[in-house]
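Taking it in order: structure first as structure tokens, then the write-up.
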Amino acid sequence: MKVLAPLYAQLSFRYRVTVLALTSAGAYMREQGIPSLGFRDFAFTRSTEIQAYGRKLAADIPDNSVISHEETVAYLGASFFDLVNQLGAESVAQERYRQKGRAAFLPVTSLQKVIAELRVDAVITTNSPRAERAALIAAKNAGLPSICVNDNLWIRGGLADVVKDDLANRICVLTNSVRERLINEAGVDAEKVVVTGTPVFDRLKKIKRSTSFDSKPRVLLADQMLPDIHPVLNIKGCYPGADQAVRSELNLLASKGVIEVFFRPHPNQKYNYTDYSFCSVSPQSEDLYERLSATDVVVTAISTVGIEGRAVGVGLVSIEGTVYSIQNSYEEIGVSTGIRDVSELKDAIFKEYYKACTGKQEQLYEGIATNNIIIVIKDLLG
């Protein structure tokens, strides 16, 4: 919804717009003052079977002040009802749900009913799975044009499936490197892929930064724990102990007066920074965008802070060979200078600092993403 919500104001002047904001997304849209619907608002979700399935699946879910019980029942019930019909037996659906949880859901039939009831002429959504993917499939089945806004830099997973099944007439992507990969690696028709950026970064592009060679590089470490083995995928990294090594090297460089360093801890992890006395800490209470406005180079493995910094015009040094960057590498997609040993860190920082100071840092995307996506919609729909 953070991707799509900024489009509403402009679109609603030209089109009849209905926002389908399921579960917690509904609360977010209410905060934005944007009207939206959930599954509970459609009559088909009040059928006896759907309500029975929904109440059963919702029984173990604690009451949530953000999501109403009625919406939880309608969403789970309709999604599970579709899963039963897809797999042909309730017992098989139960086992699939036990194994995968909500990841098992792809409520295409429910989205077909929603589309028919609303009499929509086009579908716009992100590359997220479940209901968003189901909406694209339902639109294709109905012969309706659709637009998929890719909300990140990767084509694995969500976007790859959209491409494989040819589910979107237009795909809006964040950078030109993503567009080129879709065309060259996935074989997508070039006319279908448009570099628009994402509205999430529009505010960042408006931030004013000042930097010059008269001062030492201001470095922000977007910190996170980097285990030697991936906690879920069991992938072994090529750079053991990378997180501690990078912190120590940054502290050493700061102690020599070469750079100024701030550590930005991951919001879900705790750290003890007492050994890094020459580095400052940017706590979660500090506005990230303000910190980025006073930063020249971000150092990180795969944190989104790195891309947020690039949207501001900040340089990016990526820690490669970790369990996370093996799958998704900033260097691989051409937005960073990568390092595989701390001996490379100083040179990488000054390389990115030079680009940030001279304005030679390539922009993620031109213009304002909200306006760019609106143009794509108008061109497709007329």
Side-chain angles (χ1 to χ4, degrees), residues 152-153 173-181 195-198 200-223 246 249-264 278-280 282 286-320 325 328-369 371-372:
N152 57 50
L153 286 160
V173 298
L174 182 57
T175 68
N176 194 54
S177 64
V178 179
R179 181 176 185 271
E180 290 177 353
R181 291 175 68 201
V195 179
T196 59
T198 172
V200 174
F201 294 152
D202 280 349
R203 177 188 161 196
L204 284 160
K205 294 199 72 178
K206 298 175 183 178
I207 291 177
K208 302 298 182 183
R209 291 179 58 254
S210 61
T211 188
S212 70
F213 288 121
D214 296 333
S215 59
K216 54 190 173 184
R218 300 165 296 178
V219 178
L220 178 67
L221 173 66
D223 207 357
V246 167
E249 184 68 13
L250 288 172
N251 189 62
L252 177 62
L253 293 172
S255 73
K256 295 178 178 180
V258 176
I259 58 176
E260 179 183 348
V261 181
F262 283 83
F263 290 166
R264 179 83 175 188
F278 293 95
C279 301
S280 303
S282 169
E286 180 182 36
D287 184 85
L288 174 61
Y289 292 0
E290 288 187 13
R291 173 50 50 195
L292 287 174
S293 70
T295 296
D296 299 307
V297 179
V298 171
V299 176
T300 190
I302 202 66
S303 169
T304 54
V305 174
I307 294 303
E308 290 173 310
R310 287 284 279 102
V312 177
V314 170
L316 177 58
V317 173
S318 58
I319 308 166
E320 299 294 325
S325 53
N328 296 318
S329 164
Y330 283 147
E331 181 186 45
E332 183 182 304
I333 58 175
V335 296
S336 73
T337 297
I339 64 163
R340 288 163 179 78
D341 188 87
V342 291
S343 62
E344 304 169 352
L345 186 55
K346 178 182 174 182
D347 287 345
I349 287 173
F350 275 89
K351 178 181 177 181
E352 290 293 310
Y353 178 55
Y354 173 78
K355 289 192 290 187
C357 287
T358 58
K360 293 184 178 181
Q361 188 72 272
E362 183 182 356
Q363 293 192 58
L364 291 179
Y365 59 91
E366 299 289 337
I368 301 299
N371 298 336
N372 296 339

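Every value quoted in this text rests on a predicted model; they were computed, and no experiment measured them. Excluded from the calculations below are hydrogen atoms, water molecules and symmetry mates; all remaining heavy atoms, backbone and side chain alike, are included.
Scanning for side chain to side chain donor-acceptor pair (under 3.5 Å) contacts around Glu249 gives an empty result, with sequence neighbours left out. Remark: Arg179 engages no residue in a salt bridge (Lys or Arg N to Asp or Glu O under 4.0 Å) (not counting sequence neighbours).
With respect to Ile259, the side chain to side chain contact (heavy atoms under 4.5 Å, CB included) criterion is satisfied by exactly one of Leu345, Asp296, Leu253: Leu253.
Figure legend: cation-pi geometry between Lys205 and Tyr365, with NZ or CZ positioned under 6.0 Å from the six-membered ring centre and within 45° of its axis. For the pair Arg291 and Phe262, the cation-pi criterion (under 6.0 Å, within 45° of the ring axis) is fulfilled.
Here the closest heavy-atom approach between residue Val219 and residue Ile349 is recorded as CG2-CG2, 3.9 Å. In terms of heavy-atom proximity, Ser282 sits nearest to Leu220 at CB-CD1, 4.4 Å. A pairwise comparison of heavy atoms in Glu352 and Val317 identifies CG-CG2, 3.8 Å as the closest pair. Nearest heavy-atom pair across Ile207 and Ser293 is CG2-CB, 3.5 Å.
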Cut-off 3.5 Å, no hydrogens considered: what does the side-chain donor-acceptor table look like for residues 298-311, sequence neighbours left out?
unit_1	atom_1	unit_2	atom_2	d
Thr300	OG1	Ala222	O	3.1
Thr300	OG1	Ser303	N	3.2
Ser303	OG	Val305	N	3.1
Arg310	NE	Val335	O	3.0
Arg310	NH1	Glu362	O	2.9
Arg310	NH2	Glu362	O	3.1

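Between the CG atom in Leu252 and the NZ atom in Lys256 there is a gap of 4.5 Å [rounded to 0.5 Å].
Between the Glu344 side chain and the Arg340 main chain, a donor and an acceptor come within less than 3.5 Å of each other. In this structure, the side chain of Asp202 engages the main chain of Ala369 through a donor-acceptor pair within 3.5 Å.
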